[in-house]
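Structure, as structure tokens:
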There are 2 protein chains.
Amino acid sequence: MIELSKAEFEVLDAVWLGYPATASEVIVRLSDDKEWHEKTIKTLLSRLVKKGALSFEKQGRQYNYTPCIAREEYTLKESQSFIERFFNGRIAPLVSGFAKSEQLSQHDIDELKKVIDDWEKQQK
Amino acid sequence: MIELSKAEFEVLDAVWLGYPATASEVIVRLSDDKEWHEKTIKTLLSRLVKKGALSFEKQGRQYNYTPCIAREEYTLKESQSFIERFFNGRIAPLVSGFAKSEQLSQHDIDELKKVIDDWEKQQK
DNA sequence: AATTTAAGATTACACGCGTAATCAAATAAT
DNA sequence: ATTATTTGATTACGCGTGTAATCTTAAATT
């Protein structure tokens, strides 16, 4: 599995918003949420390339970056390893923890019900 | 929030198994799963103390370590920040990702249903 | 054509982490 | 009482990370 740091993931996340994307585009996308220096973001883009999370094509003197992995694929892997580490691979205790601490809204519950419903339909 | 590294968490996890616990006890508990050198584990115990995750009382020349936080409290915080980072704070997409990739068993589903059930009962 | 600009490449640097080895001191053994 | 042992404290060290600054070179401007 490709291992990304927190900051690297956030940059990749900005690329997932729409790609191919140039460095400048990524910088603009991040500028609202982050106080990162332009140079910092470029460093992170390079590291993402080196790690195989991004590829690029030259276009003039700019690069057009494209993710090498789908967001869902990456977050699924991360979720698996998270749940393995903290909850022995079982997902219910995580949800249960949220429930116990009043982190769940009716909306969350409805969404969860739908997930369960879909799962059961798809099962039969 | 106390920030623990992966290795630090695993050591703390061994303390949570039963406390107060001496370094030797922790070392024994970890010996099955981990190939860690005794010195490594002691380093991690010290770092956990420095970070405020463990406290200790001297007993002879040994220390008796006790966690300063409950496992559930810690994992809840971690879960929150995980779900924030990867799923914008919503829990259903995580579960949905598992469902889509066939990571869920009937048992998981049953557990999830129970969590939902309990939540709804407790709501009325 | 010469100069300025701007993009990516390279270099920097302190701090945390994994992974111990060494040091100091208190206790256990003789 | 000495010596050996064992515990925690201190030190070590390379690698990843956050956070850029500087360098190089190609493209844009004049």
Side-chain angles (χ1 to χ4, degrees), chain A residues 1-15 19-31 33-68 74 78 81-82 85-86, chain B residues 1-15 19-31 33-68 74 78 81-82 85-86:
Chain A
M1 182 165 73
I2 297 179
E3 293 280 351
L4 305 181
S5 79
K6 233 167 136 167
E8 284 160 358
F9 174 78
E10 296 191 67
V11 171
L12 178 53
D13 216 6
V15 178
Y19 49 84
T22 65
S24 329
E25 286 169 343
V26 173
I27 289 165
V28 169
R29 289 177 195 173
L30 287 167
S31 62
D33 303 311
K34 294 286 163 183
E35 297 296 307
W36 284 336
H37 194 284
E38 158 220 0
K39 299 292 190 187
T40 300
I41 296 177
K42 289 185 174 185
T43 298
L44 292 169
L45 285 168
S46 301
R47 289 181 184 169
L48 284 164
V49 169
K50 196 194 302 183
K51 288 188 177 187
L54 283 180
S55 67
F56 65 88
E57 293 209 353
K58 267 187 178 152
Q59 156 125 43
R61 70 177 160 188
Q62 306 200 133
Y63 286 0
N64 270 35
Y65 294 95
T66 304
C68 300
Y74 182 78
E78 283 299 314
S81 87
F82 180 87
R85 278 176 356 94
F86 290 104
Chain B
M1 181 165 74
I2 296 179
E3 294 280 351
L4 305 181
S5 78
K6 233 166 137 171
E8 285 160 359
F9 173 79
E10 296 192 66
V11 171
L12 178 53
D13 216 5
V15 179
Y19 49 84
T22 64
S24 330
E25 285 169 342
V26 173
I27 289 165
V28 169
R29 289 177 195 173
L30 288 167
S31 62
D33 303 310
K34 294 286 165 185
E35 298 295 309
W36 284 336
H37 194 286
E38 158 221 0
K39 300 292 189 185
T40 299
I41 296 176
K42 288 186 175 185
T43 297
L44 292 169
L45 284 169
S46 301
R47 288 183 184 168
L48 284 164
V49 168
K50 196 196 299 185
K51 289 189 177 185
L54 283 180
S55 68
F56 65 86
E57 294 209 351
K58 268 188 177 153
Q59 157 125 43
R61 71 178 157 185
Q62 306 200 134
Y63 286 0
N64 270 36
Y65 295 94
T66 304
C68 300
Y74 182 77
E78 284 298 314
S81 88
F82 180 87
R85 280 179 349 100
F86 291 103

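Just so we're on the same page: letters track the sequence lines, and every chain starts at 1.
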*asked:* My understanding is that only one of B:Ile41, B:Thr22, B:Leu45 makes a side-chain contact (heavy atoms from CB on, under 4.5 Å) with B:Ile27; could you say which?
replied: B:Ile41

*Within this structure, what is the CG-to-P distance between A:Leu45 and D:dA20, rounded to whole angstrom?*
15 Å

*Hey, which sits more toward the 5' end of DNA chain D by its nearest nucleotide, A:Gly60 or A:Leu44?*
A:Leu44

_Rounded to whole Å, please give me the gap between CD1 in B:Ile41 and C1' in D:dT6._
16 Å

*Atom-pair distance (CD on B:Gln59; P on C:dA28), nearest Å*: 11 Å

*Can you name the residues that form a side chain to side chain donor-acceptor pair (under 3.5 Å) with A:Glu10, not counting sequence neighbours?*
A:Lys34

*Taking atom P of D:dT6 as reference, at what distance in whole Å does atom CD of B:Glu25 sit?*
17 Å

_Under the salt bridge (Lys or Arg N to Asp or Glu O under 4.0 Å) definition, can you give me all pairs with a residue in residues 40-54 of chain A, not counting sequence neighbours?_
A:Glu8-A:Lys51, A:Glu38-A:Lys42

*asked:* Please classify the nucleic acid contact of A:Thr43 as base, sugar-phosphate, or nothing, using heavy-atom distances under 4.0 Å.
replied: base

*asked:* Measure CG/A:Leu48 against P/D:dT19 and give the value in whole Å, please.
replied: 15 Å

*Identify the two heavy atoms, one from A:Tyr65 and one from A:Val15, that lie closest to each other, and give their separation to 0.1 Å.*
O-CG1, 4.1 Å

*Spell out yes or no: do the side chain of A:Ser46 and the base of C:dA9 have one donor N/O and one acceptor N/O closer than 3.5 Å?*
no

Scan nucleotides 14-17 of chain D against the protein and return all N/O pairs shorter than 3.5 Å with their distances rounded to 0.1 Å.
from: D:dT17; atom 1: OP2; to: A:Lys51; atom 2: NZ; distance (Å): 2.8

*Residues in ring-ring contact (aromatic ring centres under 6.0 Å, His included) contact with B:Phe82, at least two apart in sequence or another chain*: A:Phe82, B:Phe86

*Calculate the interatomic distance between A:Leu54 atom CG and C:dG8 atom P; express it in whole Å.*
12 Å

*asked:* Distance check needed: D:dT7 P versus B:Lys58 NZ, whole Å only.
replied: 15 Å

*Under-4.0 Å side-chain N/O to phosphate OP1/OP2 contact, B:Trp36 with C:dA20*: no

*Looking at B:Ile2 and B:Gly52, what are the two nearest heavy atoms and their distance?*
CD1-O, 3.5 Å

*Mind checking side-chain contact (heavy atoms from CB on, under 4.5 Å) for B:Ser55 and listing every partner two or more places apart, or none if nothing turns up?*
B:Thr66, B:Cys68

*What pair of heavy atoms forms the shortest contact from A:Pro67 to A:Leu12, and how long is it?*
CB-CD1, 4.1 Å

_Treating A:Gln62 as the side-chain partner and A:Gln59 as the backbone partner, does any N or O pair qualify as donor plus acceptor under 3.5 Å?_
no

_Please report the distance, rounded to the nearest Å, between CG in A:Leu30 and C1' in D:dT19._
15 Å

Protein-nucleic acid N or O pairs under 3.5 Å, nucleotides 3-7 of chain C:
from: C:dT5; atom 1: O2; to: A:Arg61; atom 2: NH1; distance (Å): 3.3
from: C:dA6; atom 1: O4'; to: A:Arg61; atom 2: NH2; distance (Å): 3.1
from: C:dA7; atom 1: O3'; to: A:Arg61; atom 2: O; distance (Å): 3.2

